Amino acid sequence: MIEGARWRKWVFFYVPMALFLLFLLFPFYWMVITSVRPDGELYRPWNSSNYNPFWTWKPTWDHVRYLFEETLFASWLWNTTFIALASTAISLVCGVFAGYALSRLNFPFAGSLGTGIFITYLVPQTLLFIPLAEIIRNYRLGDTPWSLILTYPTFLTPFCTWLMMGYFKAVPKELEECARIDGASRWQAMLYIVIPVAIPGILSAGIFAFTLSWNEFIYALVFLSSPEQKTVPVGVTSELIRGDVFYWGPLMAGALLGSIPVAIAYSFFVEHYVAGLTGSVKG
């Protein structure tokens, strides 16, 4: 009986999980190998002798050095970080207050307004950047980080609001009512009772908003034109793809280095904050 249970666990859990992880992590492995593979191997025909597409015996850091010495990759990283943090902060503040109001306050059409906010998030960005481009041009914010900091909340704020609405509804109303009975105002009850309990949800919304703003491409491509103002997604694709020439080594190195901050944010905050705070709230 025990042997049969072990066999079923291997067949229905371990083997499918291993295949899923292999499929999931293979693109990252390919980026790493391409980033350290010398040009002599990158542009060698696949049918040539002694060629292994999945491994290299002569790793090199030339592509990473080219990225930092011959391009403005460091500036792109700084621009992306500044824009992502600023737009995430704005969207979180607006989303927390809007989510609290829609989930806690009783006023006409509150449910319809929440649904409308979610529908706004579903509107494609390719439809919004045309009127937004006109606004950016009128306020002379083109080719500046503020053109993205002020436009990213157009799709981040509805997302954060909808996420926080669901989390605030999960917080027991009795906590807030007890604070109101003890003499606290609604503002004090929200600030000192509800928001500390909702910190895991706020951090989760912040992580997703940071990821969306970090990976955004359409607005950054339209509103930024000078190389020193570009973000990582736009800078890597526009400066390292010239006509039909692809600089595969620096391209993969830039994609790999550009994905590290998001991976750090997920692993650090989810493991040390969101999971721990959620567990403490449940306890």
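Positions are given from 1, in the same order as the sequence printed here. Values in this document were obtained by computation on a predicted structure and should not be read as measured data.
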Smallest separation among heavy atoms of [X] and [Y], with atom names:
X      : Y      : result
Cys160 : Ala209 : SG-CB, 3.9 Å
Ser204 : Leu163 : C-CD2, 4.4 Å
Gly95  : Thr161 : CA-OG1, 3.4 Å
Phe168 : Ser103 : CB-OG, 3.2 Å
Thr144 : Gln229 : CA-OE1, 4.5 Å
Glu176 : Ala189 : CG-CB, 3.8 Å

Could you grab the distance from atom [atom1] of [X] to atom [atom2] of [Y], nearest 0.5 Å is fine?
X      : Y      : atom1 : atom2 : answer
Leu67  : Asp62  : CG    : CG    : 12.5 Å
Thr157 : Ile90  : OG1   : CD1   : 8.0 Å
Leu203 : Phe210 : CG    : CZ    : 13.5 Å
Leu256 : Ile33  : CG    : CD1   : 11.0 Å
Ser259 : Ile264 : OG    : CD1   : 9.5 Å
Thr151 : Phe129 : OG1   : CZ    : 12.0 Å

For this session: May I have the step-by-step check of side chain to side chain contact (heavy atoms under 4.5 Å, CB included) for Phe155 and Leu128, ending in yes or no?
Result: CA-CA 10 Å; Phe155 63 88; Leu128 293 178; 5.7 Å; no

For this session: Take the angle between the ring planes of Phe246 and Trp248 and call it parallel below 30°, perpendicular above 60°, tilted in between.
Result: parallel

Exercise. Going by the angle between their ring planes, with limits at 30° and 60°, are Trp187 and Phe97 parallel, tilted or perpendicular?
Worked result: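 Because their plane-to-plane angle is under 30°, the rings of Trp187 and Phe97 count as parallel.
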
Exercise. Above 12 or not: heavy atoms from other molecules or residues under 6.0 Å from OH of Tyr14?
Worked result: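 It does not: Tyr14 OH has 12 such atoms or fewer within range.
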
For this session: Verify the neighbour count for atom CZ of Arg140: are there more than 12 heavy atoms of other residues, nucleotides or ligands below 6.0 Å?
Result: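 Atom CZ in Arg140 is not crowded, with 12 or fewer foreign heavy atoms closer than 6.0 Å.
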
Problem set entry | Residues Phe68, Val64; criterion side chain to side chain contact (heavy atoms under 4.5 Å, CB included); working and verdict | CA-CA 7 Å; Phe68 284 95; Val64 178; 4.0 Å; yes

Contacts under 3.5 angstrom, residues 218-226 side chains, donor-acceptor by atom type, not counting sequence neighbours:
residue	atom	partner	partner atom	Å
Ser226	OG	Asp143	OD1	3.1
Ser226	OG	Asp143	OD2	2.9

Taking the side chain as C-beta and beyond, is there a heavy-atom pair between [X] and [Y] under 4.5 Å?
X      : Y      : value
Leu175 : Val194 : no
Met252 : Arg37  : no
Leu148 : Ser87  : no
His63  : Asp39  : yes
Tyr66  : Phe73  : no
Thr71  : Trp76  : yes
Val232 : Leu257 : no
Phe159 : Leu156 : no

Problem set entry | Sequence-distant partners of Arg137, side chain to side chain donor-acceptor pair (under 3.5 Å), two or more places apart | Glu134

[X] and [Y]: same hydrophobic cluster, using ILVMFWY side-chain contacts below 4.5 Å?
X      : Y      : answer
Val36  : Phe28  : no
Leu191 : Ile181 : no
Ile260 : Tyr29  : yes
Leu22  : Met31  : no
Leu102 : Ile119 : no

Problem set entry | Contacts of Tyr247 that satisfy ring pair (Phe, Tyr, Trp, His ring centres under 6.0 Å) - sequence neighbours left out |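 For Tyr247 there are no ring pair (Phe, Tyr, Trp, His ring centres under 6.0 Å) partners, ignoring immediate neighbours.
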
Exercise. Hey, mind stepping through Lys230 and Glu239 against side chain to side chain contact (heavy atoms under 4.5 Å, CB included) and telling me if it holds?
Worked result: CA-CA 10 Å; Lys230 292 181 179 180; Glu239 301 295 326; 3.1 Å; yes

For this session: In sequence, state the C-alpha distance, the side-chain angles, and the governing distance for Trp214 and Thr231, and then conclude on side chain to side chain contact (heavy atoms under 4.5 Å, CB included).
Result: CA-CA 8 Å; Trp214 184 278; Thr231 58; over 6 Å; no

